[in-house]
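In what follows, a single structure is set out as structure tokens and then discussed.
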Amino acid sequence: MIYTVTFNPSIDYIVTVEDFQQGRVNRSSKELMFPGGKGINVSMVLSNLGFQNTALGFLAGFTGEHIQEMLEKNGVNADFIKVKQGISRINIKVRSKQESEINGMGPVIKNEDIDRLYSKLDKLQNGDILVLAGSIPSVLPENMYSDIMNYLQNKEIKIAVDATKDLLVNVLKYKPFFIKPNNYELGEIYGVELKTREEVVPYAKKMQQKGARNVLVSMAGEGAVLVAEDGQVYMSPSPDGQVKNSVGAGDSMVAGFIAGYLETGDYKEAFRRGLLTGSASAFHEGLATKKDVQDLGKVFQLD
């Protein structure tokens, strides 16, 4: 079974305004609404690709109930903990000549809620995959992900981590199956600017030397890099296409990589599938479907 954890889920409300004017009444020309949060995006795409999975995390209030409904409608097993204080976030993105975002705060997560999460993690079995993705609320410690990995280290579970800064660095000693920073996040860790795939490779190898088994680095239009545990390095530009929505593209790459690895056991094909799935989400308003990935795969092969 594949499990994802999202500490701070949201409703992502995307509003298109032709010519946004600050301080005036504006009317939308298009509106979209999705369940949001990196782990949730991974779960949604895995479900789209035909992989059964369970989404864990925390929900609160009427917004939390709607997130649960949207996930279940998409075929995701939503096994969230209901938090008593606050509501799940509403994140607003205004698309106009420029894009602007307002992200909500999220509910209050207490120690008793964390204890309930660990009770759910106790159910994981050898051979399961766990995805820890996204930021965590400010009330929780930066070692939250590493604490979870420490808790599970006696089980044979493949853990993927998509996070930033200390949240990511702290997990490396527990040898995650793979991590997926983007090039900006990787550069931020080492205090450098990484613009090309070739520049990314030595820093991805540094993350591997610190413990990550596989390091997958997304680079938006520049493609991606995989430094695999078998010693191979894979680099590729992205497939050609018109970007319509960048939200969830990196999370889709995580889902595609997992799907490709589970189906083939081959890192090169997992890397290719990750690229395809991330790009398929970027080229559509919603998250990638299996058909989107298959159609794109007909015209894209790795060098």
Side-chain angles (χ1 to χ4, degrees), residues 4 6-45 47-48 55 57-71 73-74 76 78 80 86-107 133-138 162-165 167 180-185 188 218-222 238 241-256 277-289 292:
T4 67
T6 307
F7 276 88
N8 213 356
S10 64
I11 293 175
D12 287 351
Y13 182 46
I14 303 171
V15 183
T16 299
V17 179
E18 296 303 326
D19 185 16
F20 179 77
Q21 299 291 318
Q22 188 172 344
R24 300 181 63 180
V25 173
N26 295 269
R27 300 193 183 279
S28 62
S29 59
K30 186 176 182 180
E31 300 176 6
L32 297 169
M33 188 178 296
F34 303 106
K38 294 181 74 63
I40 282 177
N41 288 338
V42 174
S43 276
M44 292 275 285
V45 176
S47 180
N48 289 349
F58 303 93
L59 296 175
F62 74 98
T63 49
E65 292 176 2
H66 191 49
I67 292 169
Q68 177 107 12
E69 291 171 1
M70 287 190 288
L71 286 172
K73 185 177 180 180
N74 201 70
V76 175
F80 284 84
I87 64 171
S88 294
R89 300 183 297 166
I90 300 176
N91 293 342
I92 303 171
K93 174 177 281 190
V94 179
R95 290 178 174 170
S96 189
K97 294 178 179 178
Q98 293 181 317
E99 285 192 352
S100 301
E101 295 186 32
I102 302 173
N103 289 349
M105 294 186 299
S135 62
I136 58 174
S138 59
D162 184 359
T164 61
K165 298 182 180 179
L167 199 59
K180 196 217 69 63
N182 63 38
N183 56 310
Y184 297 106
E185 293 162 350
E188 189 175 34
S218 58
M219 302 183 67
E222 285 296 310
S238 296
Q242 182 180 358
V243 175
K244 294 184 178 180
N245 176 32
S246 61
V247 175
D251 312 323
S252 300
M253 180 177 286
V254 171
T277 311
S279 297
S281 283
F283 298 160
H284 295 82
E285 289 288 359
L287 295 171
T289 66
D292 295 334

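Panel note: side chain T6, backbone I40; a donor-acceptor pair is recorded below 3.5 Å. A donor-acceptor contact shorter than 3.5 Å is absent between the side chain of N74 and the backbone of V76. Without hydrogens or angle criteria, S28 side chain to V17 main chain gives no donor-acceptor distance under 3.5 Å. Formation of a donor-acceptor pair under 3.5 Å by the S10 side chain with backbone atoms of N91 is not found in this model. Although no hydrogens or angles enter the test, the distance criterion places a donor-acceptor pair under 3.5 Å between the side chain of S238 and the main chain of A220.
Atom-to-atom distance recorded for N8:CG and L59:CG is 10.0 Å, nearest 0.5 angstrom. Taking CD1 of I87 as the reference point, atom NE2 of H66 lies at 12.5 Å (rounded to 0.5 Å).
Exactly one residue among T277, T4, N41, D162 makes a side chain to side chain contact (heavy atoms under 4.5 Å, CB included) with V254. That residue is D162.
Using a 4.5 Å heavy-atom threshold, the side chains of M44 and L71 count as touching. Using a 4.5 Å cut-off on side-chain heavy atoms (C-beta onward), E222 and N183 make no contact. Counting only heavy atoms from C-beta outward, the side chains of T16 and E18 approach each other to under 4.5 Å. In this structure, the side chains of Q21 and N26 come closer than 4.5 Å at one or more pairs of heavy atoms. Looking at D12 and K93, their side chains never come closer than 4.5 Å, going by heavy atoms from C-beta outward.
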field: Steps toward side-chain contact (heavy atoms from CB on, under 4.5 Å) verdict (T63, R89)
entry: CA-CA 7 Å; T63 49; R89 300 183 297 166; over 6 Å; no
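In this view, F58 and F7 satisfy the ring pair (Phe, Tyr, Trp, His ring centres under 6.0 Å) rule, not counting sequence neighbours.
Shortest non-hydrogen contact noted between A78 and Q68 is O-NE2, 3.0 Å. The two atoms that bring G278 and S252 nearest to each other are CA-CB, 3.9 Å, heavy atoms only. The shortest heavy-atom contact between F34 and M70 is C-CE, 4.0 Å. The two residues A133 and G39 come nearest to each other via the heavy atoms CB-N, 3.7 Å. The shortest heavy-atom contact between F20 and V94 is CD1-CG1, 4.2 Å. Between L287 and N48, the closest heavy-atom pair is O-ND2, 3.9 Å.
Of the N and O atoms on the side chains of T164 and E185, not one donor lies less than 3.5 Å from an acceptor on the other residue.
For residues 19-36, the set of pairs meeting the salt bridge (charged side-chain N to carboxylate O under 4.0 Å, His left out) definition, not counting sequence neighbours, comprises D19-K97, K30-E285.
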